[in-house]
Amino acid sequence: MTLPPPLHRWDVSPKEAIGIQKALAAKVRTETLEHPVRHIAGVDVSIRGDRFQTAIAVISYPDLELVEKVTFQGDVPFPYIPGLLSFREMPAILPALAQLNTVPEVFMTDSQGLAHPRRFGLACHLGVWLGRPCFGVAKTRFIGTHAPLGMNKGDLVDLVDKEQVIGSVVRTRSNVKPVYVSIGHRITQLEAIELTLGSTTKYKIPEPTRLAHKFSKIL
DNA sequence: GCGACAG
DNA sequence: ATCTTGTCGC
């Protein structure tokens, strides 16, 4: 797919990165998807030493069949700093997306979206950069608190921070640790939850990111 | 100051 | 994220 013009540079300091996040956070839009979802692209990046491998897995929906996959390798550009994950992974993700032939209606990342200290997790950064629908499904909590969660698949509760609902804690599989779903851009929380549960089969992680993670592993 | 802390 | 074997439970 064709990538839009860059919104900013990536070779910035942590302080500059925070400033960029604050500015771009104002561009995040919560809105109903304008197109029916036929394909979801799962995005993931694996790292070994100072090298990364990105994988994009496009899955048909609701069939959940693998339609296309692309990978891309390079040198890790930025250290891992809690709250600045997108500056480490976005430079690795964009070149991979440029090689994608199938254009999905929505993107799914293995990260937080609005459930971020500045309301601008990786899912928001990718969505705003592309100007396309995106949401995040993280394996663990980053910020926020929530009420006790039921143990059955489909159970969910709000994820809250500073009196605001920033996402949902969702049980994608009975008696297994839940995932943390939050919107990235141009999608509603309800749709993000629906797509998460609708693309989950027998594992905790939904198929798009589960397959992307498998394909991104560096051997 | 102390503890927490997506991947 | 990555480093790593066995083990408990459905």
Side-chain angles (χ1 to χ4, degrees), chain A residues 10 14 17-18 20-22 24-25 28 42-57 71-94 96 107-129 134-146 150-153 155 159-162 164-185 189 192 196 200-206 208-219:
Chain A
W10 291 110
I18 289 174
I20 289 172
Q21 292 184 320
K22 290 179 177 176
L24 294 185
V28 170
V43 181
D44 193 46
V45 179
S46 287
I47 292 175
R48 267 190 64 172
D50 54 359
R51 295 286 290 176
F52 70 72
Q53 175 159 300
T54 302
I56 310 293
T71 60
F72 176 75
Q73 304 182 321
D75 293 309
V76 177
F78 200 83
Y80 171 69
I81 299 174
L84 297 181
L85 178 64
S86 62
F87 286 82
R88 180 173 171 79
E89 303 203 341
M90 282 285 285
I93 294 171
L94 297 175
F107 292 83
M108 177 192 288
T109 66
D110 66 324
S111 73
Q112 314 290 343
L114 283 185
H116 175 280
R118 290 171 289 282
R119 304 292 182 267
F120 201 70
L122 171 58
C124 296
H125 211 145
L126 180 59
V128 169
W129 183 281
C134 182
F135 67 101
V137 180
K139 295 181 290 297
T140 62
R141 186 193 70 85
F142 184 21
I143 63 166
T145 58
H146 63 84
M151 293 302 286
N152 295 317
K153 175 173 183 175
D155 287 342
L159 180 60
V160 179
D161 178 55
K162 297 176 179 176
Q164 295 177 53
V165 175
I166 56 176
S168 308
V169 184
V170 183
R171 192 81 69 183
T172 51
R173 181 175 173 175
S174 298
N175 307 312
V176 170
K177 289 294 186 181
V179 294
Y180 298 75
V181 180
S182 58
I183 74 162
H185 189 49
Q189 181 62 26
T196 296
T200 299
T201 58
K202 59 187 297 192
Y203 307 98
K204 162 184 173 176
I205 307 301
T209 46
R210 191 181 74 79
L211 292 178
H213 183 259
K214 189 166 68 175
F215 300 146
S216 71
K217 286 179 181 172
I218 304 173
L219 304 178

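Note that the structure is predicted; figures quoted are calculated from it, not measured.
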Between the protein and nucleotides 2-7 of chain B, are there any N/O to N/O pairs under 3.5 Å, and if so, what are the atom names and distances?
{"residue": "B:dC5", "atom": "OP1", "partner": "A:R141", "partner atom": "NH2", "Å": "3.1"}
{"residue": "B:dA6", "atom": "OP2", "partner": "A:Y80", "partner atom": "OH", "Å": "2.7"}
{"residue": "B:dA6", "atom": "N7", "partner": "A:G83", "partner atom": "N", "Å": "3.3"}
{"residue": "B:dA6", "atom": "N6", "partner": "A:G83", "partner atom": "O", "Å": "3.1"}
{"residue": "B:dA6", "atom": "N6", "partner": "A:L84", "partner atom": "N", "Å": "3.4"}
{"residue": "B:dA6", "atom": "N6", "partner": "A:L85", "partner atom": "N", "Å": "3.2"}
{"residue": "B:dA6", "atom": "N6", "partner": "A:H116", "partner atom": "NE2", "Å": "3.4"}
{"residue": "B:dA6", "atom": "N1", "partner": "A:L122", "partner atom": "N", "Å": "3.2"}
{"residue": "B:dA6", "atom": "N3", "partner": "A:Q112", "partner atom": "N", "Å": "3.3"}
{"residue": "B:dG7", "atom": "OP1", "partner": "A:K139", "partner atom": "N", "Å": "2.9"}
{"residue": "B:dG7", "atom": "OP2", "partner": "A:T140", "partner atom": "OG1", "Å": "2.9"}
{"residue": "B:dG7", "atom": "O3'", "partner": "A:D110", "partner atom": "OD2", "Å": "3.1"}

I'd like a table of atom pairs between the protein and nucleotides 8-10 of chain C - only N or O on both sides, under 3.5 Å - with the distance next to each one.
none

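Put simply, the side chain of A:V137 does not reach to within 4.5 Å of the side chain of A:I205, judged on heavy atoms. Under the 4.5 Å side-chain criterion, counting only non-hydrogen atoms from C-beta, A:Q112 is not in contact with A:I143. Within the 4.5 Å cutoff, the side chain of A:R51 has heavy atoms near those of the A:D75 side chain. Between A:V160 and A:H146, every side-chain heavy-atom pair lies at or beyond the 4.5 Å cut-off.
Under the side chain to side chain contact (heavy atoms under 4.5 Å, CB included) rule, A:S216 has a single partner from A:D44, A:I47, A:D110, which is A:D44.
Smallest separation of non-hydrogen atoms from A:L122 and A:E89: CD2-OE1, 3.5 Å. A pairwise comparison of heavy atoms in A:I218 and A:S46 identifies CD1-O, 3.9 Å as the closest pair.
Aromatic ring pairs are classed by plane angle as parallel below 30°, tilted from 30° to 60° and perpendicular above 60°; the pair A:F78 and A:F87 is tilted.
Contacts of A:S46 with the nucleic acid, taken as non-hydrogen atoms under 4.0 Å apart, involve only primed sugar atoms and P, OP1 or OP2. As judged by a 4.0 angstrom heavy-atom cut-off over every strand, A:H213 is placed among residues touching the sugar-phosphate backbone only.
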Could you write out DNA chain C as a dot-bracket string, with dots for unpaired bases, | for bases paired across to another strand, and Watson-Crick or G-U pairs counted at under 3.5 Å? ..........

Trace of the side-chain contact (heavy atoms from CB on, under 4.5 Å) decision for A:I93 with A:T109: CA-CA 10 Å; A:I93 294 171; A:T109 66; 5.7 Å; no

